[in-house]
Amino acid sequence: MTLVRLGYVAMSVHLENASPSKTMTYTRFSKLDDRDAAIRKLEQIAETNLHNCLRLLRHNLAHDIAFFRLSSKLVPLATHPDLKGWDYIQSVQSSLEEIQKFLTRNTNVRVDFHPDHFVLLNSPGPDVLKNSIKSLRMHYRLLQGMGVNPEHRCVLHVGGGYGDKEKALEQFIHNWAFVSPDLQSMIILENDDKVFTLSDTLYLSEKLAVPMVFDYHHYLANHTESENWREDWERVVQTWDSSTVPVKMHISSPKSDKQFRAHSDYVDSAMFMDFLREIKGTVSQIDCMIEAKQKDAALFKLMDDIQKYPEIEIVDGGCFHIT
DNA sequence: TCGTGTCAAGTCAAT
DNA sequence: ATTGACTTGACACGA
């Protein structure tokens, strides 16, 4: 028997006016004459985002959803070079504490981050690496501010291929040494849909002792003939052995045959069931992050779709057993 | 209030 | 060498 919890990404299609990603672009910021007022505006936006984030967590609680990806755009321009010295954490301290209170009361809730795709740890460019580390530091501070243990809370892809995949993998290992241990401990790695397959990512995960997030959709889009995810599944699970959080994976469905890599509105329940039948019993618990255009609506629909299967025993709105 | 264009980021394919 | 696609949500602006 395996306990499965479903989660969704950053924003709700049901909760209105609750964006956690409101922003101000640098172009607009730089056009404002009063810099102090502009920074106060940024702080207001950040507070609104964090407040909406808390509203989303409450919405999730009301629907028994205990797994959630936080937006990486909570604090606009936090890592911009022109805002060096801005103590953005201090400015949103009270909002972070509100979230901390919520998470302290609801210790079963798992939150994590997936930084935008320009956070690249295997880049051969020193500036790209430096900016990536800066962004990771922001994620780390936000987690700390929310009272969340940052360990294994941040999903990254391996990065760019740079025309030589083997070299790019070794570049990751090389660059890893420049990432401080506290940031290293925050990271988990995911196979991607164009360059780094399950095997590639597993290689890094095992070498660097970083848990691996298996993305089934990416696997379908990007794997070699010799690869069969079932053969590697035990190794994926083992990368989580020393973690304090359960095994995590990503679930999504192709938009179409033509746009196979793009995310569909909803998750195909038959495909999901096929997957679950293969892995049931191999782990006691697995958290599945649903990456679908319809966000929480896709989660609700999937819960609804799978209840008809006899091996599924619904626990609550976002959680079930498979036997 | 609706649709269209712009904004950020880095990589990569195309020209 | 430069440009545009890719991706995604939000904002600016004009109708």
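Every chain is numbered from 1, with letters handed out A, B, ... down the list of sequences.
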Chemist: Does this structure show an ion pair linking A:D287 with A:K248, if we count only N-O contacts that are shorter than 4.0 Å?
Modeler: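 No, this pair does not count.
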Chemist: Would A:D274 and A:R277 pass as an ion pair if we require N to O under 4.0 Å?
Modeler: yes
Chemist: Paired stems touching DNA chain B, three or more consecutive Watson-Crick or G-U pairs with both distances under 3.5 Å?
Modeler: B:1-8 with C:8-15, B:10-15 with C:1-6
Chemist: Just by protein heavy atoms under 4.0 Å, how would nucleotides 5-13 of chain C read 5' to 3' in B, S and -?
Modeler: --BSSSSS-
Chemist: Indicate for each nucleotide in nucleotides 1-6 of chain B, in 5' to 3' sequence, whether protein heavy atoms under 4.0 Å reach the base (B), only the sugar-phosphate (S), or nothing (-).
Modeler: ------
Chemist: So, A:K101 and A:E98, do they make that salt bridge, N to O below 4.0 Å?
Modeler: yes
Chemist: I need the CG-C1' distance between A:L136 and B:dA9, as an integer number of Å.
Modeler: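 Distance, rounded to whole Å: 14 Å.
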Chemist: Using whole Å, what does the distance between atom C1' of nucleotide B:dA9 and atom CZ of A:F118 come to?
Modeler: 4 Å
Chemist: Could you give the distance from CE (A:M273) to NZ (A:K308), rounded to the nearest 0.5 Å?
Modeler: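 Result: 9.5 Å between the selected atoms.
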Chemist: Show me the pairs that pass side-chain hydrogen bond (donor to acceptor under 3.5 Å, both in side chains) and involve residues 25-39 of chain A, at least two apart or across chains.
Modeler: A:Y26-A:D82
Chemist: Please list, by residue number, the residues of residues 190-198 of chain A whose heavy atoms come closer than 4.0 Å to an atom of DNA chain B; answer none if no residue qualifies.
Modeler: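 The answer is none.
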Chemist: Quick test of your reading of the model: are A:D304 and A:K301 salt-bridged, counting only N-O distances below 4.0 Å?
Modeler: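 No, this pair does not count.
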Chemist: Provide the distance between the two P atoms, one in B:dT6 and one in C:dG4, to the nearest whole Å.
Modeler: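 B:dT6 and C:dG4 have their P atoms separated by 11 Å.
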Chemist: Test of understanding: with salt bridge (charged side-chain N to carboxylate O under 4.0 Å, His left out), list the residues that count as partners of A:E97, not counting sequence neighbours.
Modeler: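 So A:E97 forms no salt bridge (charged side-chain N to carboxylate O under 4.0 Å, His left out) with any residue.
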Chemist: Whole angstroms only, please: what is the CG-P distance between A:L121 and B:dT11?
Modeler: 12 Å
Chemist: Is the A:H174 to A:F178 ring centre distance short of 6.0 Å?
Modeler: yes
